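Please read the structure below before turning to the comments.
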Amino acid sequence: MHTDLLAAVLNDPNAPGIVEAASAVLAEERRRRQEFRAWVSEEVKAEFINGEVVLHSPVKRRHRLASELLFQLLNIYVTVKNLGEAGHEKAMVSLTRNDYEPDICFWSAAKSDLFDDETMLHPAPDFVVEILSKRTAKTDRTVKFSDYARHGVREYWLIDPVKQRVEQYGLLTEKDTEYIPFGKFSPGEDISSIAIPGFTIPVAAIFDKKANLEALKGLV
């Protein structure tokens with residue numbers, strides 16, 4: 001796709017003008033990104049996506065519970081197994097062009113061992129979860145979907161808290177840059193991570209407190 005776009009630009013008689021205009025736009029975008037990083041705080045959930053600051057409004061209870069319940073399972077599991085570090089809500093992920101605050105993410109020990117108490121901008125995780133809402137679903141399925149894949153995020157879950165469904169996507173190899181679907185999972189089924197060794201949970205545990213407690217007992 002990038003090769004086709006580059007070929008189209010180079011075949012245009014005004015290629016130098018197009019490149020110059022694009023360079024100016026990207027330079028201004030970098031300036032705004034630095035302003036965003038200086039402005040954003042722990043009290044504000046915001047992201048910088050394709051040159052724009054995106055503010056997030058408070059979420060509905062079902063969204064919050066799904067995020068909290070899954071993070072509880074993930075965080076305890078990776079801590080007990082000493083696999084790395086899990087992030088929730090305010091862990092900012094800095095990619096080539098964009099800064100995201102995923103609902104949930106995980107970095108392997110090889111990456112998280114490089115963090116310190118002052119780390120604010122984190123590298124691409126190994127695993128990312130986004131909880132879908134009407135306002136964010138399009139971005140989660142398009143911009144973030146391709147951006148995470150191109151930056152080597154090995155596994156991506158999209159969770160629909162209304163339908164109580166988990167969509168699992170992943171990269172087959174380290175060289176891949178496009179996700180393939182691994183399945184859609186609902187309560188009554190188990191889901192196994194491809195990026196986090198041994199992390200298998202019942203889908204119901206993401207949406208139901210009692211099921212979460214039972215799953216938690218199994219993980220520890």
Side-chain angles (χ1 to χ4, degrees), residues 42-43 45-47 54-93 100-109 112 122 125-142 144-145 148-149 153-171 179-220:
E42 295 180 1
E43 290 73 35
K45 183 170 175 63
E47 299 176 307
V54 179
L55 295 173
H56 293 281
S57 59
V59 297
K60 295 181 178 179
R61 180 176 181 271
R62 58 175 171 249
H63 182 294
R64 176 176 58 79
L65 285 178
S67 181
E68 290 176 352
L69 291 175
L70 177 55
F71 177 73
Q72 178 170 263
L73 295 173
L74 175 64
N75 189 45
I76 289 177
Y77 180 79
V78 301
T79 300
V80 169
K81 300 294 184 180
N82 196 30
L83 296 176
E85 184 172 314
H88 187 233
E89 293 288 341
K90 289 296 295 175
M92 182 163 285
V93 171
Y100 302 120
E101 290 188 337
D103 287 309
I104 297 171
C105 51
F106 162 79
W107 296 271
S108 64
S112 64
H122 301 80
D126 298 272
F127 171 81
V128 167
V129 177
E130 296 288 4
I131 313 294
L132 298 173
S133 68
K134 289 183 178 180
R135 291 190 63 183
T136 65
K138 182 177 180 180
T139 300
D140 292 339
R141 291 188 179 280
T142 56
K144 289 185 177 182
F145 193 91
Y148 288 148
V153 176
R154 187 179 173 194
E155 184 173 8
Y156 186 33
W157 289 9
L158 289 172
I159 296 180
D160 187 328
V162 177
K163 296 180 179 179
Q164 295 196 349
R165 183 177 65 193
V166 181
E167 299 174 28
Q168 182 184 35
Y169 300 90
L171 303 175
Y179 286 132
I180 63 169
F182 277 74
K184 296 180 180 180
F185 303 86
S186 301
E189 300 177 290
D190 289 348
I191 183 170
S192 298
S193 171
I194 62 171
I196 306 170
F199 186 63
T200 298
I201 59 171
V203 174
I206 301 173
F207 306 106
D208 180 80
K209 290 183 179 181
K210 291 183 179 180
N212 186 273
L213 181 59
E214 290 302 313
L216 190 59
K217 293 176 182 177
L219 291 177
V220 298

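Quantities reported herein were computed from a predicted structural model and do not represent experimental measurements.
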Inset, instruction - Nearest 0.5 Å please: distance from the CG atom of L65 over to the NZ atom of K60. - result: 14.0 Å
Inset, instruction - Might you point out which heavy atoms bring R165 and K184 nearest each other, and give the distance in Å? - result: CD-CB, 4.2 Å
Inset, instruction - Specify the closest pair of heavy atoms between S67 and I104, including all atoms of both residues, with the distance to one decimal. - result: O-CD1, 3.4 Å
Legend entry - Any donor-acceptor pair under 3.5 Å from R154 side chain to I194 backbone: yes
Inset, instruction - Count the heavy atoms of every other residue, nucleotide or ligand shown that sit under 6.0 Å from NZ of K138, and state whether that count exceeds 12. - result: no
Legend entry - Any side-chain heavy-atom pair of W157 and L70 under 4.5 Å: yes
Inset, instruction - Return yes if some donor-acceptor pair links the side-chain N/O of D126 with the main-chain N/O of S108 below 3.5 Å, else return no. - result: yes
Legend entry - NZ/NE/NH1/NH2 to OD/OE distance under 4.0 Å, E89 and K45: yes
Legend entry - Min side-chain heavy-atom separation H88-E68 under 4.5 Å: yes
Legend entry - Summary of salt bridge (Lys or Arg N to Asp or Glu O under 4.0 Å) pairs that have at least one residue in residues 208-220, sequence neighbours excluded: E214-K217
Inset, instruction - Could you grab the distance from atom NZ of K90 to atom CD of E43, nearest 0.5 Å is fine? - result: 8.0 Å
Legend entry - Candidate pair Y156 and K144, rule side chain to side chain contact (heavy atoms under 4.5 Å, CB included), full reasoning: CA-CA 10 Å; Y156 186 33; K144 289 185 177 182; 4.0 Å; yes
Inset, instruction - Work out which heavy atom in S192 is nearest to a heavy atom in Q168; give both atom names and the distance. - result: O-NE2, 2.9 Å
Legend entry - Exercise: identify the closest heavy-atom pair between L55 and A46: CD2-CB, 3.6 Å
Legend entry - Flag side-chain contact, heavy atom, 4.5 Å: F207 against R62: no
Inset, instruction - Check side-chain hydrogen bond (donor to acceptor under 3.5 Å, both in side chains) between Y179 and all other residues, then give those that pass, not counting sequence neighbours. - result: none
Legend entry - Within-4.5 Å side-chain heavy-atom neighbours: T136 and E130: no
Legend entry - Side chain proximity check, Y169 to Y148, heavy atoms < 4.5 angstrom: no
Legend entry - Donor-acceptor under 3.5 Å (D103 side chain, I131 main chain): yes
Legend entry - Nearest heavy-atom neighbours spanning W107 and A91: CH2-CB, 3.8 Å
Inset, instruction - With the side chain counted from C-beta on, respond yes when N212 and L73 share a heavy-atom pair under 4.5 Å apart, and no when they do not. - result: yes
Inset, instruction - Would you give the length of the straight line joining atom CD1 of I159 to atom NE2 of H63, rounded to the nearest 0.5 angstrom? - result: 9.5 Å
Legend entry - Member of V166, I206, L74 meeting the side chain to side chain contact (heavy atoms under 4.5 Å, CB included) criterion with I201: I206
Legend entry - V93 side chain near P102 side chain, heavy-atom distance below 4.5 Å: yes
Inset, instruction - Provide the closest heavy-atom pair for Q72 versus L216 in the form atom of the first, atom of the second, distance. - result: NE2-CD2, 4.2 Å
Legend entry - Any side-chain heavy-atom pair of F106 and F199 under 4.5 Å: no
Extract all donor-acceptor atom pairs below 3.5 Å that involve side chains of residues 75-85 and protein atoms in other chains or at least two apart in sequence.
residue : atom : partner : partner atom : Å
Y77     : OH   : P197    : O            : 2.6
Y77     : OH   : G198    : O            : 3.3
T79     : OG1  : N75     : O            : 2.6

